[in-house]
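Proteins get letters first, then strands, A, B, ... in listed order; numbering begins at 1 in each.
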2 protein chains.
Amino acid sequence: MALPSGPVTASSDAEAALFDLVDVYDRAYEAAAAELSLSPAQACVLGRLDERRGMGALAEELGCDASNITQIVVRLEALGLVTREPNPRDRRARLVARTPRGDEIYHRFAAAFTFARSAVGRLTPQEQDQLTALLRKALG
Amino acid sequence: MALPSGPVTASSDAEAALFDLVDVYDRAYEAAAAELSLSPAQACVLGRLDERRGMGALAEELGCDASNITQIVVRLEALGLVTREPNPRDRRARLVARTPRGDEIYHRFAAAFTFARSAVGRLTPQEQDQLTALLRKALG
DNA sequence: CACTGATCCTTGATTAACTCAAGCAACGGG
DNA sequence: CCCGTTGCTTGAGTTAATCAAGGATCAGTG
């Protein structure tokens, strides 16, 4: 289990609530991945492959070094969850795509990660809209 | 940079907003730690040492194996940020405490981690209360 | 007091994530 | 046909995390 991000001593209830949310969210994500024997990073990459895409695009979107993506994709490939096809338009590049098994595992992961769904589900539709608006405003 | 926790394809705006919040929060935490040449895990442990405490208490609070804490604390000790004193009441146990330098570094970290503070600061006091209530309800 | 089992922590081994530096191959403009 | 750039991989090194095993100490019991 990754150590939580915080808390820095919260100076308000709202900050403390934010921290709790982040902590529970992250732990739930990790637990859902673990149910399918995935690391959080593997689940994350798998989740970005609804469309096939290049290694570089993944690295940029995820804000990490390309070599990190290489490593994670190699492991996903070894698990039979993705393929790396040559890109016909550019022979330097490779297109990563989920296999049928990758699709299945990912869907099961998405089903197992109930936290965000059920958290939102505890709110009325109005409250959901309120929350969305408040978070968007807070995010600036 | 740790890969983000999600998104699982969000089925509502509220879920997407939750994900965005968690992502930005985690990245900000990591960036603040990096400013002080700390890993997120080191910052996390340092933040739990306002009072001196045992290794086991840290492991339990953080939900990880004791040997993980040993490792992190050893590095913090090598950096001169914490000490491991013998526990006079139990010679098996050791009490971890921040050094003055650990205090200083941690306070600088807390100052650098502005995300939660400034996010909440973008809201009026009423909105802050609303947000807190909504998050608490969503957390169940 | 001596035993016994539990507790506290460390060590060692292993895996994964992440970063950086270096390199290869292919692209594309002159 | 160069040559700089781009896309990705490889290699080396650090950290985090887990598990298994072990040493030392404690605490209760006979």
Side-chain angles (χ1 to χ4, degrees), chain A residues 1-5 26-27 29-31 33-46 48 52-79 81-97, chain B residues 1-5 26-27 29-31 33-46 48 52-79 81-97:
Chain A
M1 184 89 64
L3 298 192
S5 298
D26 283 339
R27 288 179 189 275
Y29 190 88
E30 193 169 343
E35 272 185 45
L36 291 144
S37 303
L38 296 172
S39 68
Q42 287 168 349
C44 173
V45 168
L46 214 48
R48 307 288 170 136
R52 63 154 65 151
R53 63 211 304 181
M55 308 287 294
L58 284 170
E60 189 180 2
E61 179 172 347
L62 298 176
C64 71
D65 195 273
S67 63
N68 193 19
I69 298 293
T70 296
Q71 222 180 12
I72 293 166
V73 167
V74 163
R75 288 188 194 113
L76 286 172
E77 197 178 24
L79 293 171
L81 304 182
V82 307
T83 57
R84 281 186 295 176
E85 313 161 6
N87 182 335
R89 303 195 178 265
D90 184 343
R91 279 180 301 177
R92 292 169 300 180
R94 312 180 75 167
L95 290 173
V96 188
Chain B
M1 184 89 65
L3 297 192
S5 297
D26 283 340
R27 288 180 189 274
Y29 190 88
E30 193 168 342
E35 272 185 45
L36 292 144
S37 303
L38 296 172
S39 68
Q42 286 167 351
C44 173
V45 168
L46 214 48
R48 306 290 169 133
R52 63 153 67 150
R53 63 211 305 180
M55 308 286 295
L58 284 170
E60 188 180 3
E61 178 172 346
L62 298 176
C64 72
D65 195 273
S67 62
N68 194 18
I69 299 293
T70 296
Q71 224 179 11
I72 294 166
V73 167
V74 164
R75 287 188 195 112
L76 287 172
E77 195 178 25
L79 293 170
L81 304 181
V82 307
T83 57
R84 281 186 295 177
E85 313 161 6
N87 182 336
R89 304 192 177 267
D90 183 344
R91 278 179 302 176
R92 292 170 300 180
R94 311 179 75 168
L95 291 172
V96 188

**Report entry** side chain to side chain contact (heavy atoms under 4.5 Å, CB included) partners for B:A34, two or more places apart
**Finding:** none

**Report entry** B:R92: salt bridge (charged side-chain N to carboxylate O under 4.0 Å, His left out) partners, not counting sequence neighbours
**Finding:** B:D90

Distance-only donor-acceptor hits, side chain of residues 68-75 of chain B, under 3.5 Å, sequence neighbours excluded:
unit_1, atom_1, unit_2, atom_2, d
B:T70, OG1, B:A66, O, 3.3

Report task. Kindly write out the residues that satisfy side chain to side chain donor-acceptor pair (under 3.5 Å) with A:R84, not counting sequence neighbours, or none if the list is empty. Result -> A:E77

Requested in this report: List in chain and number order the residues that pass side chain to side chain contact (heavy atoms under 4.5 Å, CB included) with B:S67, two or more places apart in sequence or in another chain; answer none if no residue qualifies.
Outcome: B:D65

Report task. Using side chain to side chain contact (heavy atoms under 4.5 Å, CB included) as the criterion, list what pairs up with A:A2, not counting sequence neighbours. Result -> A:E30

Query raised in the report: What are the residues of residues 37-45 of chain B, sorted by number, that bring a heavy atom to within less than 4.0 Å of DNA chain D?
Result: B:S39, B:A41, B:Q42

Query raised in the report: Which listed nucleotide (D:dT9, D:dT15, C:dT10) is nearest to the side chain of A:R84?
Result: D:dT9

Report summary line: So salt bridge (charged side-chain N to carboxylate O under 4.0 Å, His left out) across residues 34-45 of chain B, not counting sequence neighbours, yields none

Requested in this report: Classify every nucleotide of nucleotides 22-30 of chain C by which part a protein heavy atom approaches to under 4.0 Å, writing B for the base, S for the sugar-phosphate alone and - for neither, in 5'-to-3' order.
Outcome: ---BBS---

Requested in this report: For A:R27, enumerate each residue passing the side chain to side chain contact (heavy atoms under 4.5 Å, CB included) test, keeping only those at least two apart in sequence or located in another chain.
Outcome: A:M1, A:P4, A:D23

Requested in this report: Taking side chain to side chain donor-acceptor pair (under 3.5 Å) as the test, write out the residues that go with B:R48, two or more places apart.
Outcome: B:E61

Query raised in the report: Taking DNA chain C as the partner, which of residues 58-74 of chain B come within under 4.0 angstrom of it by heavy atom?
Result: B:A66, B:S67, B:T70

